[in-house]
Amino acid sequence: MTERRLFCSSVLFLTLFLISIESTHGFTFAYENSESESNGDESESDLSDTVMDLRLEHRDHTYADINSYRTLYMSLKLTVKMHEERSVSGYVETTFVKLKPSWMMSKFGKAGPDLNLDIGPHVTVTDIENIDTGKKLVFEKACNDSIAISVLQCVLQIKDPVDYVGEFRLRIHYSVSDKTSALHFIPPYQTDDNQYHFLVSTTQPSDARGWIPCQDTPALKYPYQSEITVKRPFTVLMSGTLVSKSVEETDDGTWETVQFRQDLPVPPFLIAITVADMVAVDVREHDESAVTEEAAVPSIKVWGERTVMEKLRADPGRIFSMIPEMMDICEKWYGRYEWGTYDIVLTPPGYAFKGMEFPQMNFIAATNIDFSNTAGPNFIYANVIAHEMIHSWFGNLVTPKYAGDIWLAEGVTTFEELELMEAYYGDPKIGEYLRRWRYTSLRDVLESYTGYSAKYKILTPYLTNDHPFHGFTYIHYNKGGLFLEYIANHTGRAELDRGLKKYLDLYKYQSVDTADFVHVLYEEFGFETEKEIERDIFVWLERPHTKVPVKLYPSEIYEECVQIYRALTRSKKERDEKWVLADIAESFKHGSGPLATDTPNLRSQMMIVLERMENVVSNVNMTETRIKNWKRLVNRLDKVFSFTSRTESDPDIFAMWAQIAIKFNHTETMSKMPDFFEKYGRLDLIFTVLDAPTDNRLRGTFANILQTKYDLTRYPGFIGELLRGYVDWFIGYYES
């Protein structure tokens with residue numbers, strides 16, 4: 001009897017376990033008002049009215065049950081208003097397939113006939129119909145703003161969309177306000193033209209739901225088409241191929257309707273849009289040597305505001321000549337570029353990031369670019385362009401399935417980006433310096449920085465109760481890149497290239513997780529027979545530290561920087577320290593010092609030396625005498641290089657300079673801070689400067705600036721939550 005009970009218990013346990021596996025992507029609603037019919041009218045409710053029994057797989061961050069329904073195709077027809085009323089309205093037509101439930105789910109599971117879509121709180125649905133039958137469908141939108149993960153605060157449930165297994169089409173009419181987290185309407189004062197709003201998508205990694213009701217998970221990829229209407233002078237671009245344009249004159253002005261099509265499958269967050277008063281230049285038209293009959297990319301356009309493009313129009317090849325050459329290198333390494341056209345949109349100062357890799361439409365912050373450079377492409381912004389270009393393969397063609405696997409896009413791309421930079425410039429010193437700098441910085445973060453909890457130091461974090469944006473950290477870029485460096489040390493670069501090409505060919509157009517990537521490594525390189533490497537791979541992926549040594553190539557430029565740093569920190573007299581720094585400054589100004597030939601141009605040299613200087617002032621014991629001497633030096637450097645005048649011409653250099661100058665209450669730099677905070681939205685610039693104050697008096701000054709000049713409402717979604725929390729902490733720290 002005991003054995004029979006044990007056997008029955010085991011069978012029951014196994015059955016329940018299998019059910020739980022099959023239903024990990026699903027959840028059920030228990031309606032308290034289930035008898036009420038809305039006849040298509042949307043209702044808002046919270047968890048006191050609607051009980052959401054979530055069986056959410058920890059990495060999905062979606063309410064979509066992709067084991068019951070899957071998206072096959074999407075078609076958007078929207079009007080974007082950019083003037084007094086900033087909004088998006090229209091409808092989306094989506095082709096779904098209802099899947100046949102497995103025997104286990106049909107017998108024991110809870111999967112119901114309802115279709116659940118992700119939706120943002122600022123998306124208002126007015127009507128849903130089944131296109132095939134013409135039937136109006138009953139739906140309900142449930143929201144609860146107390147849910148900590150903001151992208152999971154709302155869900156749209158469509159009751160009984162179809163009564164058969166197979167394909168069907170729905171049309172969802174909706175509107176989106178300018179408060180949505182998925183679209184950033186950058187205000188005029190944060191643009192270069194200072195005239196109109198500039199709309200950009202901010203959907204990565206899981207916020208397409210903020211402007212399109214959809215199954216918002218990167219585990220699903222599908223093609224789409226769109227028809228977008230905007231009022232002139234605005235131009236609309238999307239992450240697809242331009243199909244047609246038409247113009248209509250009305251009493252309200254001239255409206256342009258533009259159609260796009262994306263034939264390759266993409267995850268929802270890569271369905272992107274930008275609307276602005278933009279003009280373009282075609283890089284290939286200005287560089288005849290870059291045009292060949294077999295070119296996979298017939299058009300390479302750079303778009304931007306009129307003020308920005310005036311700086312490029314005469315000679316865009318001077319700034320962007322690297323693009324066709326880098327594209328040719330990428331195609332040799334990864335295979336043919338399959339997306340068709342390649343556009344770059346130069347985003348305005350208010351954009352939150354350095355770049356973003358939407359298919360056929362990479363966003364690159366114009367603040368990255370040194371327009372005054374006459375010596376060819378600057379490696380600082382070439383580095384950003386290279387990174388986003390490589391995402392056309394790693395991230396877009398093959399996509400991480402979960403937020404916790406984002407290193408498969410960002411880490412692999414970070415590794416490949418340095419290889420591409422070396423290949424383009426023909427100078428290994430560039431990649432070597434960045435590689436070594438990233439390793440030492442990562443080591444410091446992993447070993448000493450307490451701001452990251454242990455799970456965020458893991459390359460594949462378990463994001464059960466976290467916003468998916470937590471997958472985008474310094475760890476997943478640099479640790480992921482260095483993991484590939486470790487693999488290359490064992491296999492050789494050529495062999496790793498072959499493995500990466502196999503990975504792309506095997507999983508093209510698909511979404512993958514870390515297990516898929518590791519499977520390719522094992523298949524290609526036989527790691528299962530090398531227990532030490534197998535153990536090391538586990539440490540890299542699953543442990544919050546990097547104990548495995550990375551073979552780093554010798555780097556003259558890095559060693560020279562280290563020697564300078566050591567000379568500064570071991571100076572016995574403050575006078576020596578001051579003049580060593582001054583001599584370094586003069587040397588790279590006149591092109592005669594040790595750093596003069598190690599990087600392509602002066603701006604890069606400035607960034608290297610400013611980074612080393614900041615390291616010094618953050619780590620030496622600042623006695624009164626040393627503070628006095630450093631203040632004198634800061635004044636001298638500003639007179640020589642006019643750093644405080646670079647707030648608009650070169651905000652990267654200004655932010656690095658401000659990190660140093662603010663510590664010594666440099667009057668000219670401090671006077672620029674209110675306008676700097678008001679103008680710029682790039683988070684890396686803002687955080688760089690916010691980290692500068694070291695005493696309560698300076699913190700008080702910054703707190704006053706932030707409270708009076710810094711409009712935190714301009715940042716959408718989780719980016720805004722993150723920054724507002726940081727600034728609230730900053731002000732609270734000072735006031736306490």
Quiz item: If you look at every heavy atom in Glu305 and Asp193, which pair is closest and at what distance?
Solution: OE1-N, 3.0 Å
Practice problem: Would you check if the side chain of Thr647 reaches a backbone N or O of Phe654 as a donor-acceptor pair within less than 3.5 Å? | Solution: no
Practice problem: Would you confirm whether Lys679, through its side chain, and Tyr189, through its main-chain N or O, come within 3.5 Å as a donor-acceptor pair? | Solution: yes
Quiz item: Is there a donor in the side chain of Gln204 and an acceptor in the side chain of Glu357, or the other way round, less than 3.5 Å apart?
Solution: yes
Quiz item: Out of curiosity, His197 NE2 to Asp277 CG, how far, rounded to the nearest 0.5 Å?
Solution: 14.0 Å
Quiz item: Under the side chain to side chain contact (heavy atoms under 4.5 Å, CB included) criterion, do Met356 and Val345 qualify, and how do the steps go?
Solution: CA-CA 10 Å; Met356 177 60 203; Val345 178; over 6 Å; no
Quiz item: Sub-3.5 Å donor-acceptor pair from the side chain of Thr274 to the main-chain atoms of Val200, do we have one?
Solution: no
Practice problem: Kindly give the heavy-atom pair with the smallest separation between Thr307 and Asp192, and that separation in Å. | Solution: OG1-O, 3.9 Å
Practice problem: Compare every heavy atom of Phe664 with every heavy atom of Val634, then report the nearest pair and how far apart it is. | Solution: CG2-CD1, 4.0 Å
Quiz item: Hey, does the side chain of Thr669 reach the backbone of Ala658 with a donor-acceptor pair shorter than 3.5 angstrom?
Solution: no
Quiz item: Does Ala365 have any side-chain contact (heavy atoms from CB on, under 4.5 Å) partners at least two apart in sequence or in another chain, and if so, which?
Solution: Thr347, Thr367, Asn368, Arg682
Practice problem: Check for a donor-acceptor pair, side chain of Thr202 on one end and backbone N or O of Ala182 on the other, with a separation under 3.5 Å. | Solution: yes
Quiz prompt | Mutual orientation of the aromatic rings belonging to Phe676 and Tyr680 [parallel < 30°, tilted 30-60°, perpendicular > 60°] | solution = tilted
Practice problem: Give the ring-plane orientation class for His387 versus Tyr477, where under 30° counts as parallel, over 60° as perpendicular and anything between as tilted. | Solution: parallel
Practice problem: List the atom of Gly480, the atom of Leu459, and the distance in Å for their closest heavy-atom pair. | Solution: N-CD1, 3.5 Å
Exercise. Walk me through it: do Ile385 and Asn362 pass the test side chain to side chain contact (heavy atoms under 4.5 Å, CB included)?
Key: CA-CA 8 Å; Ile385 291 174; Asn362 287 179; over 6 Å; no
Self-check item: pair Met673-Ile662: side-chain heavy atoms closer than 4.5 Å
Solution: yes
Quiz prompt | Side chain to side chain, Phe234 and His83, heavy atoms closer than 4.5 Å | solution = yes
Quiz item: Short question: side chain of Asn194, backbone of Gln190 - any donor-acceptor pair under 3.5 Å?
Solution: no
Quiz prompt | Thr413 side chain to Glu410 backbone, donor-acceptor under 3.5 Å | solution = no
Quiz item: Any donor-acceptor pair under 3.5 Å linking the side chain of Lys672 with the backbone of Glu668?
Solution: no
Quiz prompt | Qualifying residue for ring-ring contact (aromatic ring centres under 6.0 Å, His included) with Phe363, from Trp303, Phe358, Phe353, Phe198 | solution = Phe358
Quiz prompt | Minimum heavy-atom distance Val275-Met82, with the two atoms named | solution = O-CE, 3.6 Å
Exercise. Kindly give the heavy-atom pair with the smallest separation between His666 and Asn635, and that separation in Å.
Key: CD2-OD1, 3.0 Å
Self-check item: Separation between CG of Leu418 and CE of Met421, rounded to the nearest 0.5 Å
Solution: 8.0 Å
